[in-house]
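Working notes, beginning with the structure itself.
Letters A, B, ... mirror the listed sequences (proteins, then strands); counts begin at 1. As the structure is a prediction and not an experimental result, all values here were calculated from the model.
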Protein chains: 2
Amino acid sequence: MAQRGPYAKGLAKREEILQTALEHFAVKGYDRVSVREIARECGLSQAGLLHHFSSKEELFLEVLRRRDDRNGEPFVPEHVHSVDRLIGAVDRNADEPGLVRLFVTMSAESTSVESPAHAFFEERYAWLSEQIAEDVRQHQERNEISADLDADSVAALLIAAADGLQLQWLLRPDRIDMSGLLTSLWNMLRTVSAAESKPRDPRR
Amino acid sequence: MAQRGPYAKGLAKREEILQTALEHFAVKGYDRVSVREIARECGLSQAGLLHHFSSKEELFLEVLRRRDDRNGEPFVPEHVHSVDRLIGAVDRNADEPGLVRLFVTMSAESTSVESPAHAFFEERYAWLSEQIAEDVRQHQERNEISADLDADSVAALLIAAADGLQLQWLLRPDRIDMSGLLTSLWNMLRTVSAAESKPRDPRR
DNA sequence: GTCTATATTTTGATAGAC
DNA sequence: GTCTATCAAAATATAGAC
């Protein structure tokens, strides 16, 4: 049924479209890619492609969803080792510049309410922040990180660094070691004592 | 000559256009704003606007350039207190969500070689990294930060955090204190001893 | 400096044949 | 499932009048 079922051909084509679309959206951004362009690359007409996805926006959202579920890993409560998972994901991303560019570009664009990806990224950040903060709290309970640090702040900094490093890496791939730098940061955060890191006057 | 010169009117209109364009690009992104839209807002026709700027792209680049020169501050060598200046800039940005959105969106888009802003942001990052790293080195010479830390890495992390925090702030303005968090990070980096922050195996 | 008018291109989406 | 044909709606840029 999987190989010869009535939908086998359609599903295969659907996958090819999603992969091609990912590459194009990643390189040029949502607005600069036309459905025609993706279709041609897949050996289809524009109308032929839109048989599989009812609109450009739906195609785009499906691309995002497809690449978002690296959550897998069953039998482990989600937040356990979330920071390590974040670092691992960043590390793997170093082999997929297209995917990185897609998420960097789209998360930035998503800050506009008009973006088709607005809801998607809003939920994603809320989920990720909570996962990381919970992991930080567990480290605190085990005295592996200062209990006086604010877990939500640490989470925000880690996620910010991950995002910002990916941006820099896209511009200068050979000069930025994303996962190495993120690991350094995580190690530093764990060795810092809270008393030393109280905010001072932010202005010069 | 400045007020009544033959170009006074043209220059004033030019400024109005640049300001309006900034707001629109910031909210909707380069591709989702039409020249017509900006023109109407300025009480001009599309052709009327394009009398001042030969193309949409040129208008856009001029907007970026205009908002980039907060370098000013004469009589101080550029790199001195660069980190404090970075924090100060982030702090001021909290009053200008439009400007933040413009730079976040455009720096992300600029990672594509096809982006009109590619060269602009490439140069900007190279310049900023060098400024921050040099400031870090000066702190190291004064023993205010561990000499064993790599100045370029610290610079990369600070810039990454600044960029990433701005992204998160756009999505959840009330939950992210950009300059406060960045200040915390800077303080932590200065109190960390290098021996404790040696990289370990990045994978779990 | 600003307008109207227009040329040219491109896009997303639909209808209907095969 | 895929194609051809077509529509309608944008957009940028230019020409030329005032």
When every non-hydrogen atom of Leu165(B) is compared with those of Met178(B), the smallest separation belongs to CD1-O, 3.8 Å

Provide, to the nearest angstrom, the distance between the OH atom belonging to Tyr30(B) and the C1' atom belonging to dA11(D). 11 Å

Rounded to the nearest Å, what distance is computed from the CD1 atom of residue Ile38(A) to the P atom of nucleotide dT11(C)? 11 Å

Value in whole Å for how far the P atom of dT12(D) lies from CZ of Arg36(B): 7 Å

Could you walk me through whether Arg101(B) and Glu109(A) pass the salt bridge (Lys or Arg N to Asp or Glu O under 4.0 Å) test, one step at a time? CA-CA 9 Å; Arg101(B) 180 167 284 119; Glu109(A) 252 194 46; over 6 Å; no

Specify the separation, in whole Å, of atom CD of Glu58(A) and atom P of dT14(C). 12 Å

Between C1' on dG12(C) and CZ on Arg32(B), what's the gap in Å once rounded to a whole number? 14 Å

Val35(A) has a side chain; which of dG12(C), dG1(D), dT2(C) sits nearest to it? dG12(C)

NA contact type, Ser45(A), heavy-atom cut-off 4.0 Å: base, sugar-phosphate, or nothing? base

To the nearest angstrom, the CG-C1' distance between Leu59(B) and dA11(D) comes to 15 Å

Atom CZ of Arg172(A) with >12 non-hydrogen neighbours under 6.0 angstrom: yes

For a quick test of reading the model: is some side-chain N or O of Ser34(B) closer than 4.0 Å to OP1 or OP2 of dA11(D)? yes

Go through dA13(D), dA5(C), dA13(C) for me and flag the one nearest to the Ser55(A) side chain. dA13(C)

Minimum-distance nucleotide to Leu44(B) side chain [options: dT2(C), dT11(C), dT2(D)]: dT2(C)

Looking only at the side chain of Ala47(A) (C-beta and beyond, no hydrogens), which of the listed nucleotides dA5(D), dT2(C), dT4(C) gets closest? dA5(D)

If I take atom CG in residue Asp31(A) and atom C1' in nucleotide dT10(C), what distance separates them, rounded to the nearest angstrom? 14 Å

Note, Thr105(A) side chain near Thr105(B) side chain (heavy atom, < 4.5 Å): no

Closest to side chain of His51(B), choosing from dA13(D), dC3(D), dT2(C): dT2(C)

Keeping Ser179(B) on the side-chain end and Ile87(B) on the backbone end, is there a donor-acceptor pair under 3.5 Å? no

Using whole Å, what does the distance between atom C1' of nucleotide dT9(C) and atom NZ of Lys56(B) come to? 15 Å

The nucleotide from dT14(D), dT2(C), dA13(C) with an atom nearest the side chain of Leu50(B) is dT14(D)

On DNA chain C, compare the nucleotides closest to Leu49(B) and Gln46(A); which residue's is nearer the 5' end? Leu49(B)

